[in-house]
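Below: the structure, in structure tokens.
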Amino acid sequence: MRLMAYDIRYKYGDEGDDIYHDIKVDIIPLYNTVACLSLKKDFANIFASKEFCDVTLVAKDGSELKAHKLILCARSPVFAAMFRNNFQENKTNCIRIDDMDAEVIEEMLKFLYTGGAISGKLVEELFIAANKYSILDLQTMCENILINTMKVATVVDILLLADRHSNDRLKTKAVKFIVNNIKTVTETEGWKKLCQTDHDLSRLVLDEAERTAKRRRYSRGSIETNVEAAADRNSVVSGQSGT
């Protein structure tokens, strides 16, 4: 993207002793923004029209979705490997995705073509798809949505999702959320099921909750000690003043 630049001169200092500094400010021209929006719209039209499609993605229910190899290869190293090597997909021009619904595949394809917003109701499924096909920008988008929409009722599912896909940032955020809401989360059915099915993961959360509680008690005790010490010093000073 081409940038334009202009210079600003400002001064500071006492009267008669001005010091001048030049600043170069880079700005993105408006026409570049318009061009990006136009490009996004054009690729959305390409996806919608299905013209010149040369590969078919088959969902687990048998539904078929058309796409372009070049787009898939440019956006996903996993798809690229399929077509650059002598894989079955390269011979048949067909990719069977037996673990995804057609709705999820279509939403994933829309993102590959446009990089636009995704459906919030499919965020967990799209997170899995992004991990499977190494679509890093989609993975990050899903990750941020999951972090920003954590709730007591859903946080255990998010924790399991993060653990299953080795996403440390999402896992850390989920553990912290549970620790900060430990009383209400441990009353949910999701937590009770987690304790029965994954002792290591539930133990990890409880250990972190215990460490956090200890840190808070220690911090609270330190504050109380400092307050008492300050009060004692004040009383000594007041007593000396009185004398």
Side-chain angles (χ1 to χ4, degrees), residues 1-7 24-149 158 161-162 165 167 169-170:
M1 181 177 291
R2 188 170 70 86
L3 298 178
M4 297 179 64
Y6 63 92
D7 294 329
K24 179 168 284 188
V25 180
D26 291 328
I27 60 171
I28 301 175
L30 178 60
Y31 66 77
N32 271 352
T33 302
V34 173
C36 288
L37 292 173
S38 177
L39 187 64
K40 181 177 177 180
K41 181 180 178 181
D42 289 342
F43 273 87
N45 289 336
I46 290 172
F47 174 67
S49 71
K50 307 302 180 186
E51 286 187 309
F52 310 113
C53 287
D54 52 2
V55 63
T56 302
L57 285 71
V58 183
K60 66 180 182 181
D61 65 351
S63 300
E64 296 184 351
L65 297 98
K66 302 293 184 180
H68 301 83
K69 287 184 183 179
L70 190 60
I71 299 296
L72 300 188
C73 291
R75 302 282 278 139
S76 163
V78 176
F79 284 130
M82 291 180 183
F83 297 118
R84 286 175 183 155
N85 299 292
N86 195 28
F87 288 0
Q88 185 68 22
E89 291 85 357
N90 196 25
K91 297 176 182 178
T92 62
N93 293 323
C94 179
I95 303 173
R96 302 198 66 86
I97 307 179
D98 295 328
D99 56 353
M100 288 188 198
D101 293 328
E103 184 181 17
V104 177
I105 297 175
E106 183 172 17
E107 195 74 11
M108 177 184 70
L109 288 174
K110 284 181 183 177
F111 182 85
L112 290 178
Y113 278 77
T114 67
I118 60 174
S119 171
K121 68 177 183 178
L122 297 174
V123 63
E124 291 189 22
E125 292 87 345
L126 289 169
F127 178 83
I128 295 171
N131 277 271
K132 180 175 181 178
Y133 293 108
S134 296
I135 309 169
L136 298 183
D137 46 353
L138 177 58
Q139 178 182 329
T140 300
M141 183 180 288
C142 293
E143 184 181 316
N144 289 335
I145 293 173
L146 290 168
I147 289 171
N148 293 328
T149 58
I158 294 174
L161 186 69
H165 294 281
N167 189 303
R169 177 173 177 251
L170 185 58

### Task
Taking all non-hydrogen atoms of both residues into account, name the closest pair between S134 and V78 and its distance.
OG-CG2, 3.7 Å
### Summary
Residues at least two apart in sequence or cross-chain that pass ring pair (Phe, Tyr, Trp, His ring centres under 6.0 Å) with F47, listed by chain then number, are Y113
### Closest contact, heavy atoms only, V55 versus C94
CG2-N, 4.4 Å
### Sidechain-backbone polar pair: E107 side chain, L126 backbone, donor-acceptor under 3.5 Å
no
### Derivation of the side chain to side chain contact (heavy atoms under 4.5 Å, CB included) call for D99 and I128
CA-CA 10 Å; D99 56 353; I128 295 171; 5.9 Å; no
### Task
Drop me the distance from L37's CG to D42's CG, to the nearest 0.5 angstrom.
11.0 Å
### Task
List the steps, then state whether side chain to side chain contact (heavy atoms under 4.5 Å, CB included) holds for D137 with F111.
CA-CA 9 Å; D137 46 353; F111 182 85; 3.6 Å; yes
### Message
E106 vs E103, test: side chain to side chain contact (heavy atoms under 4.5 Å, CB included). Steps then yes/no.
### Response
CA-CA 5 Å; E106 183 172 17; E103 184 181 17; 6.0 Å; no
### Query
Is it true that atom CG of L39 has more than 12 heavy atoms of other residues, nucleotides or ligands lying nearer than 6.0 Å?
yes
## Note on the structure
Here the pair of heavy atoms bringing H68 nearest to D54 is CA-OD1, 3.3 Å
### Summary
Heavy-atom closest pair (N90 atom, N85 atom, distance to 0.1 Å) is ND2-O, 3.4 Å
### K41, NZ atom: more than 12 neighbouring heavy atoms under 6.0 Å
no
### Message
How long is the straight-line distance from CG of L72 back to CG of L109, given to the nearest 0.5 Å?
### Response
6.5 Å
### Message
With a 6.0 Å cut-off (strictly less than), is the heavy-atom count around CZ of F83, excluding the residue itself, greater than 12?
### Response
yes
### NZ-CE distance between K132 and M108, expressed to the nearest 0.5 angstrom
8.5 Å
### Task
Please round to the nearest 0.5 Å and tell me the distance separating atom CE of M141 and atom CD of Q139.
12.5 Å
### Side-chain ion pair, D101 and K60, N-O less than 4.0 Å
yes
### E124 atom CD, neighbour heavy-atom count above 12 within 6.0 Å
yes
### Summary
dist C53:SG -> N93:CG (nearest 0.5 Å) comes out at 11.5 Å
### Task
Please check if the side chain of N144 supplies one atom and the backbone of T140 the other of a donor-acceptor pair under 3.5 Å.
yes
## Note on the structure
Interatomic distance, CZ@R75 vs CG@L136, rounded to 0.5 Å, equals 10.0 Å
## Note on the structure
Nearest heavy-atom contact between F127 and C142 is N-SG, 3.6 Å
### Query
Is a side-chain N or O of R84 found less than 3.5 angstrom from the main chain of C73, in a donor-acceptor match?
no
### Query
Which heavy atom in L161 sits nearest to a heavy atom in L146, and how many Å separate them?
CD2-CD1, 3.9 Å
### Message
Donor-acceptor check, side chain of S76 to backbone of Y133, threshold 3.5 angstrom: yes or no?
### Response
yes
